[in-house]
Amino acid sequence: MVSSASTASLLLPLPSCSSSEESDDGKPLPPLTAQEASSPPPSQLKRRRGRLERDYNVAMKALALSGDVDEVLAVFAELRRSLADAGDGGAAPNVLCYNTLVNALAEAGRTEEALRALDEMLASGVAPNASSHNILIKMHARRSEFDLAWELIHKSEMEPDAATYSTLIAGLCRVGKVAEAWGVLDWMLEKNCLPMVHTYTPIVQAYCREGRIEEAKLLMVEMERLGCLPNVVTYNVLIRALCDSGRFDEVEQILVDSRTKDWNPSTVTYNIYMNGLCKKGKTKEALEQLDVMLGEGMDPTAYTLSILLNCLCHDSRLLDAIYLLERSTELKWHAGVVAYNTVMSRLCEMGKWMSILKLLTDMIKKGIEPNTRTFNILIHSLCVVGKFSLAKSLIQSEGFAADVVTYNTLLHWSYHCGKLTGANRLISAMEEKNIALDEVTYTIIIDGLCREGKFDAATGYFLKSLKIGLSMDVLTVLLNRLACADRIWEIHRIFDEKDFIPDHLVFNLTIRTLCRASYCHYRDFYKLNLILDKMLERK
DNA sequence: ATAGGGTTAG
């Protein structure tokens, strides 16, 4: 279990609020007066409680917004302690605080902990409200448990509102089930529940993700017709899609039009635009947008800085990037862990190990805590400069939760250094620590084993990988290796496996791979025939 | 006062 929830809630201090920009207004609570401390009247006690909960909730939300879930946990624990000390028998925090906590955990993908927090809330006798209900539905939707979500909506006494349906629609759209999303929309209309921007925006986003930009635009026109005006979020979704396909003229047009429409671009809008320009190599234009944004009186956020640094790094202006990073505090630009990670990973690609170390010490000095990604970059760069053993020993470091990326990095370099037993030990360690192997892991293992001539073992890992679903990337790597090494019996073994369900894409890939490996030559043609037969058996 | 849109690692 990676969860540092319990330890974090015991050990971490109150939020200093220095890391998050929004929470500076969280004034310290006034100290108890002597009278309050001895035996405050119940009404005053209640007021104090309310104030305490509100202030803590504000802080928790700010932290959740800046993605600092562990801090949210810490603040919640602190709140619980304060309430216990406040004198009325250790009453639990109210629903709103619990909702903030559960939602922050759910957003961070820490579903188990979110569910535990929810259980704890119920056990403390705190009654859930409509929001708690919606958050739970969102969790089910995120895990693609739509049946459960639907069941919850029906059997609950809570009357589903537009937010409930919108949550479900968003979940469906996330996994590309747009038709089902429309189905829910129809259902809510039947129930006389009026859709809102939150209902349509996920559908617009789903269209955008599939590259159906024109349909997305049409839907936005339809929204206007229905009096459900697209807002800044809807436009941001569209702008991102336009950026991804390089349609910057249209982005400009939308920004111009915004002045006569009912929405205003936000910092996020410019972040999206700048990042889009940067990804298409238009550094100069991206920096121009920064000026536009500052001219509009908008403050850059931690995101803005990371995007700009990324931009500079891609333009190989590393010295500028490092300079900006070092000066960020005096410029009042918020450098966060992502900003440092961005620059460090670029330095890593260039093998500048000493510079990475310097940035690492800088960030720690500034009180910015390195996260798992920071460690992964560190480990990767150690591998690049040939310090593999040192890199490997870093997994044991205190306070660092190695994840699948960490292990993938180490695995890749184990094979690279020819350390097969070491690689096997790493795989066992993953299993012990319940870190699930992903597509990348299997690709690395299969490629590594094949390079050592261990085709049988590699094929075995491929068959194992089917448990997490067929990945064309993994299959491509294996087929290439097997074909080049003329290991047709292993290819047979793949097609014999009953868990392997080949479709036309698989057939296509197999035949193309074999032909490229010169199986079309007349002397080898019989082998191709054998495999074709095998494939047709499975049809 | 629950929700949505933006950045980094293999």
Side-chain angles (χ1 to χ4, degrees), chain A residues 54 57-58 60-61 64 67 95-104 106-107 128-138 141 161-171 173-174 196-205 208 230-241 243 265-276 278-279 300-311 313 334-346 348-349 370-381 383 403-413 438-441 443-444:
Chain A
R54 202 192 56 216
N57 203 12
V58 167
M60 281 163 61
K61 274 187 223 166
V95 203
L96 303 182
C97 297
Y98 265 108
N99 283 348
T100 308
L101 175 71
V102 175
N103 189 52
E107 280 296 317
N129 63 10
S131 295
S132 330
H133 184 228
N134 288 347
I135 294 169
L136 189 57
I137 289 167
K138 180 168 75 178
D161 57 6
T164 315
Y165 291 117
S166 304
T167 306
L168 193 56
I169 287 174
C173 287
R174 266 169 80 99
M196 39 184 212
V197 194
H198 286 78
T199 321
Y200 287 111
T201 303
I203 306 179
V204 171
Q205 190 178 27
C208 285
N231 64 10
V232 56
V233 177
T234 325
Y235 278 102
N236 285 346
V237 167
L238 177 65
I239 289 175
R240 185 189 168 137
C243 283
S266 67
T267 314
V268 177
T269 315
Y270 285 99
N271 287 345
I272 293 168
Y273 191 16
M274 286 192 285
N275 192 43
C278 175
K279 276 198 292 193
T301 63
Y303 278 94
T304 319
L305 182 57
S306 303
I307 290 165
L308 288 173
L309 289 171
N310 202 20
C311 207
C313 286
H334 322 281
V337 59
V338 181
Y340 277 89
N341 288 349
T342 304
V343 180
M344 282 165 70
S345 75
R346 180 64 183 162
C348 171
E349 281 171 34
N371 61 15
T372 301
R373 287 191 185 216
T374 319
F375 276 100
N376 289 341
I377 294 164
L378 221 55
I379 284 176
H380 185 223
S381 52
C383 290
D403 65 1
V404 63
V405 179
T406 322
Y407 279 94
N408 288 348
T409 309
L410 290 171
L411 265 174
H412 175 267
W413 289 92
D438 68 6
E439 277 182 36
V440 182
T441 323
T443 309
I444 293 168

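The shown structure was predicted, so the numbers you read here are calculated from the model rather than taken from an experiment. Order of the sequence lines sets the chain letters (A, B, ...), proteins ahead of strands, with each chain counted from 1. Excluded from the calculations below are hydrogen atoms, water molecules and symmetry mates; all remaining heavy atoms, backbone and side chain alike, are included.
Among the protein residues, A/Asn134 comes within range of the nucleic acid bases, having at least one heavy atom under 4.0 Å from a base atom. Counting any heavy atom pair closer than 4.0 Å across all strands shown, A/Glu107 reaches sugar-phosphate atoms only and no base atom. Within the nucleic acid shown, A/Val197 comes within 4.0 Å of at least one base atom, counting heavy atoms only. Among the heavy atoms of the strands lying under 4.0 Å from A/Ser266 is at least one base atom, whether or not backbone atoms are also near. The residue A/Ile135 sits apart from the nucleic acid: no heavy atom pair falls under 4.0 Å. Within 4.0 Å (heavy atoms only), A/Asp161 reaches no atom of the nucleic acid at all. Base contact: A/Met196 has a heavy atom under 4.0 Å from a base atom. Among the atoms of the strands shown, none is found under 4.0 Å from any heavy atom of A/Asn129. No engagement by A/His412 is indicated, since no non-hydrogen atom pair under 4.0 Å with the nucleic acid exists. Within the 4.0 angstrom heavy-atom criterion, no nucleotide atom of any strand lies near A/Val337. Counting any heavy atom pair closer than 4.0 Å across all strands shown, A/Ala163 reaches a base atom.
B/dG4 atom C1' lies 11 Å from atom CG of A/Asn103, rounded to whole Å. The CD1 atom of A/Ile137 sits 14 Å away from the P atom of B/dG4 (whole-angstrom rounding). Per the geometry, OH belonging to A/Tyr303 stands 7 Å off C1' belonging to B/dT7, to the nearest Å. At whole-Å resolution of the value, OH in A/Tyr98 and P in B/dT2 are 15 Å apart. Atom CG of A/Asn57 is separated from atom P of B/dA3 by 10 Å (rounded to the nearest Å). As a whole-Å value, the separation of A/Lys279 NZ from B/dT8 P is 7 Å. In this entry the distance linking CG of A/Leu308 with P of B/dG6 reads 17 Å, nearest Å. The interatomic distance linking A/His133 (NE2) with B/dA1 (P) rounds to 19 Å, in whole Å.
Below the 3.5 angstrom threshold, one finds no donor paired with an acceptor across the side chain of A/Thr342 and the base of B/dT8. Not a single donor-acceptor pair, N or O on each side, falls under 3.5 Å between the base of B/dG5 and the side chain of A/Thr201.
With 3.5 Å as the limit, one finds a donor-acceptor pair spanning the side chains of A/Asn129 and A/Ser132.
Using a 4.0 Å cut-off, some side-chain N or O of A/Asn275 falls inside it from OP1 or OP2 of B/dT7. Regarding contacts with the backbone of B/dT7, a side-chain N or O of A/Arg240 is found under 4.0 angstrom from either OP1 or OP2.
In this structure, the side chains of A/Cys313 and A/Val343 come closer than 4.5 Å at one or more pairs of heavy atoms. Counting only heavy atoms from C-beta outward, the side chains of A/Leu378 and A/Met344 approach each other to under 4.5 Å.
Judged by distance alone, with hydrogens and angles left aside, the side-chain atoms of A/Thr201 form no donor-acceptor pair with the main-chain N or O of A/His198 at under 3.5 Å.
Side-chain proximity of A/Asn271 to the nucleotides B/dA1, B/dG6, B/dA3 is greatest for B/dG6.
Taking OG1 of A/Thr164 as the reference point, atom CD1 of A/Ile169 lies at 10.5 Å (rounded to 0.5 Å).
Under the stacking definition used here (centres under 5.5 Å, planes under 30°), the residue A/His380 fails to qualify as stacked on the base of B/dA9.
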